[in-house]
Amino acid sequence: MRAAGRSVRTRLRDRIAASDPGLLRLTAGLRTVGAIALTLAVLALLRADVHLLVAGAMAAMVATFAIREKQLGAQAVTLALGLPVALASVCLGAVLNARLYAGDVFFVVLIFCAVYGRRFGDRGTALGLIGFQVYFLSLFVGASTSSLPALCGAIALAFCSSALLRFAVVPATPTAVLHRLRLAFRARLAQLVSAQLDLLDAGTDEMDKALEAVREGTARLHETAMMIQARLEEGTPDESAARLVQRRIADAEIAAERLGLLLLTSRTAERADTLTLHLPGAPAPSVGQSAVPDEATATLRRDLQALRTLVLRAGSGDTGTALAHVRNRLLGYRDEENLPPASAAVQDVFRGIGESARAVMGLRIALDGPQDESDDSPATARSREELDAEDAAIDGGEEAEPEEQTGLRRPTTRAAVQVAVGSSLAIAGGELLSTQRWYWAVLTCWIVFLNTASTGEILVKGYRRLLGTVFGVVAGIVLAGLVGQHTWTAFALVLVLIFAMFYVAPLSYTLMSFFVTAMLGLLYTLLHTYSLDVLLLRVEETALGAACGVAAAALVLPVRTDRRTNELLGTVLERLVSVTEAAVGQLSGGPADELLDKARDLDQALADLRAATQPLTHPVTPLRARRNTARYVVALLETCAYHARTLAATAELLPTHPSIAADPRLRGAAARTVRNIETIAARVADEHAAALVETGPSIASLLGSDAGTPRYGRITDRVLRHLERLDEAVVGLARPLDVPVAAPQK
């Protein structure tokens, strides 16, 4: 019973870890709700009136969510600086509240400074956010000079409560967050293997659904790998340890993605295209007529289940003879003589399982240290020796500082000017709708500019906020009717809604807006200012604020979505060239380079491009052909990134892996691919560029890898396949980007 209970708890923990990597959303929600609850409890003991309760709750929320630094020391400094900023802001709000024009002018200046402060990093962003939100708080509760002492006391209490929750009750050290992210990576890797199992067993009618699950699992695993990458520096004791974890995470991600592709190929009539794993909604290739033999299927199913078990046990401290036996069997597939009798495609799947098992073992060693080697088979001992040699070869490096833009070209300066103009319009229009609640329009205008960089992004964010607000108004009406004048019931519901708001914020901006508006309906009830007219006015002010934000973004120093995506596309192509040249150079015998760092820079640039194309791929966009083109281009780039990332990981094995040898011919064979990427980048930057994308014989033929030429080993064959697939994907980019392709020479 006890073992069964542990198993249930373990499965539940893994499910939570996979759904909320690092428990970042859960931690943010608990910390914010705890700070608000503590503030309300102390204020209730002091018999504060409801206006102070609302002010304290809002201040605690702001003081908690505004802090973004990862190190606790930096968080403490920002929180300490935030308190005088908050007190100054609420005092100015109370003094200027009765002075119409002076208050409006100051509010616009404050908004400009708050947005401009983003150029100073997380601390500048946090202080600007605190200053703006607390000024908004003073307007919301109707602060006056006579109420300032009590109001300042409530805000100071809120900051103290936030500090207590952040540093004592719900601390989140970089090391602890990174540890939880590692657990999330393991859980998501196990989920991906489960999806691959379903793909193995899927019938003809179920293939599309099973493939979509594999596609989603691959994307979620990559997302977690990127989150780990962002926190390695702060969460590991030294640079060499960080690079070791980075390497093992990359190995596991690449091995899992490759296993999915090999499994898909084994189920289909022909070799599966890598693009199939990256293009949302792409149909599964047709299942081959000759089914996989039953015995091979049963063995594959058993070994995929064993691989999932191996993944789940990694990092758990669970060891034993049975686990070692499973590991030895799977690692044995790296040797040709241990492969079961089956078709070449199915044998490739077994090899993929062996490589995945090796990656899992490397990940376990990197995270947990040396393991018991007494039960190692020869294949396992060889894999362990390879990992030890790779670990010894890992060294740190320095990253180049990106070029910083100046003046109005700097994104923070441009956004500050835009939001100041938009807020001025929102103030003027908002006061025409309501002389008392005009600030809702300003708040919406401010919010739609947060974390956006183009007119299209602002339009989509404004639409989502308006949609969430409309549904939130309905929920607010229902909740206000149920709660009535029951103060503490209303505050309890406010806490629930705030937790939900923070928990869903990274997932859905529409849902977050829904919970915010429903919460505000309850706050209006507490302030005895609730009415249907007030909530409807909020919808009108929200629509006005979104419209003012879009207008300012479109008319004042505009960054059009096309321009933004082209800039990011150019960055992706530039980094793709960098990774490809460096990897091929090292595989050709050139000097070692920081390949995994370059690959992660490529991944980050691709993530930025994916986010920037959301206005083009949004379901409500009327330009369907453009939406499909954007999705296709991003999927092709993800395919290119996968092959480049794999080449980089293989190149880093070169100094230590006995089965990989440098081949100087690779540099010349890949030159055409590099030129093609540069040609596409030049055409993206200048549509009048006249260069053509080249086509020609395959990479393998350029190296003379035909029937009369000896094979260089399975690893070298894999390098050739990745180079060929990369070359094909790059040529495939030319058509949707309107880059002319030269006819192949005969």
Side-chain angles (χ1 to χ4, degrees), residues 58 62 66 85-86 88-90 92-119 124-140 143 408 410-455 457-466 469 509 513 516-517 520 537-559:
M58 293 180 69
V62 173
V85 170
S89 187
V90 75
L92 287 168
V95 171
L96 297 174
N97 191 19
R99 295 169 173 80
L100 181 61
Y101 297 110
D104 291 350
V105 171
F106 175 76
F107 203 9
V108 172
V109 172
L110 175 63
I111 290 170
F112 176 89
C113 294
V115 176
Y116 185 78
R118 296 183 207 171
R119 66 166 297 196
T125 301
L127 296 179
L129 193 58
I130 289 171
F132 171 83
Q133 293 286 2
V134 173
Y135 191 89
F136 171 83
L137 179 158
S138 70
L139 299 175
F140 184 78
L408 292 177
R410 181 183 286 121
T412 50
T413 305
R414 183 177 59 246
V417 173
Q418 289 176 324
V419 75
V421 173
S423 297
S424 301
L425 296 174
I427 289 173
E431 288 184 342
L432 292 177
L433 289 175
S434 171
T435 57
Q436 303 207 339
R437 294 186 174 85
W438 52 269
Y439 44 78
W440 288 120
V442 182
L443 179 66
T444 299
C445 182
W446 153 277
I447 287 177
V448 297
F449 275 94
L450 293 178
N451 301 318
T452 54
S454 71
T455 306
E457 291 179 71
I458 292 170
L459 179 61
V460 170
K461 193 169 184 180
Y463 157 79
R464 288 172 173 167
R465 183 167 183 83
L466 181 59
T469 299
Y509 186 73
S513 301
V516 168
T517 304
L520 289 173
L537 177 64
R538 169 156 169 75
V539 175
E540 295 172 353
E541 296 279 3
T542 298
L544 174 66
C548 291
V550 172
L555 300 176
V556 181
L557 305 174
V559 177

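As a basis for the values below, the full set of heavy atoms in this structure was taken, side chains included, without hydrogen atoms, waters or symmetry mates.
Every residue was checked against the ring pair (Phe, Tyr, Trp, His ring centres under 6.0 Å) condition with Tyr509, not counting sequence neighbours, and none meets it.
For the residue pair Trp438 and Leu139, the shortest heavy atom distance occurs at CH2-CD1, 3.9 Å. Across all their heavy atoms, Val448 and Gly462 have their closest contact at CG1-CA, 3.7 Å. Shown here for Leu110 and Ser89, the closest heavy-atom pair between the two residues is CD2-OG, 4.3 Å. The shortest heavy-atom contact between Asn97 and Ala143 is ND2-O, 3.5 Å. Taking all atoms of both residues into account, the shortest heavy-atom contact from Ile458 to Ala553 is CD1-CB, 3.4 Å. Between Gly545 and Thr444, the closest heavy-atom pair is C-CG2, 3.9 Å.
Distance check, rounded to the nearest 0.5 Å: CZ of Phe106 to SG of Cys113 gives 8.0 Å. The distance from atom NZ of Lys461 to atom CZ of Phe449, rounded to the nearest 0.5 Å, is 10.5 Å. Distance check, rounded to the nearest 0.5 Å: CG of Leu537 to OG1 of Thr542 gives 9.0 Å. If you take SG on Cys548 and CD1 on Ile427, they are separated by 10.0 Å, rounding to the nearest 0.5 Å. Remark: Arg538 CZ to Leu443 CG distance equals 7.0 Å, nearest 0.5 Å. Interatomic distance, Glu541 CD to Leu433 CG, rounded to the nearest 0.5 Å: 5.0 Å.
A 4.5 Å side-chain heavy-atom check between Phe136 and Val442 finds every atom pair outside the cut-off.
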Could you please spell out the steps behind the side chain to side chain contact (heavy atoms under 4.5 Å, CB included) verdict for Leu129 and Trp446? CA-CA 10 Å; Leu129 193 58; Trp446 153 277; 3.5 Å; yes

Going through the distances and angles, do Thr413 and Arg119 end up as a side chain to side chain contact (heavy atoms under 4.5 Å, CB included)? CA-CA 8 Å; Thr413 305; Arg119 66 166 297 196; 5.5 Å; no

Evaluate the criterion side chain to side chain contact (heavy atoms under 4.5 Å, CB included) for residue pair Phe112 and Val419; output intermediate values, then yes/no. CA-CA 7 Å; Phe112 176 89; Val419 75; 5.9 Å; no

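Counting only distance, with no hydrogens or angles, the side chain of Ser423 and the backbone of Ala420 share no donor-acceptor pair below 3.5 Å.
Checked against the 6.0 Å centroid threshold, Phe107 and Tyr439 do not count as a close aromatic pair.
When Thr517, Leu544, Leu466 are each tested for a side chain to side chain contact (heavy atoms under 4.5 Å, CB included) with Val539, only one passes: Leu466.
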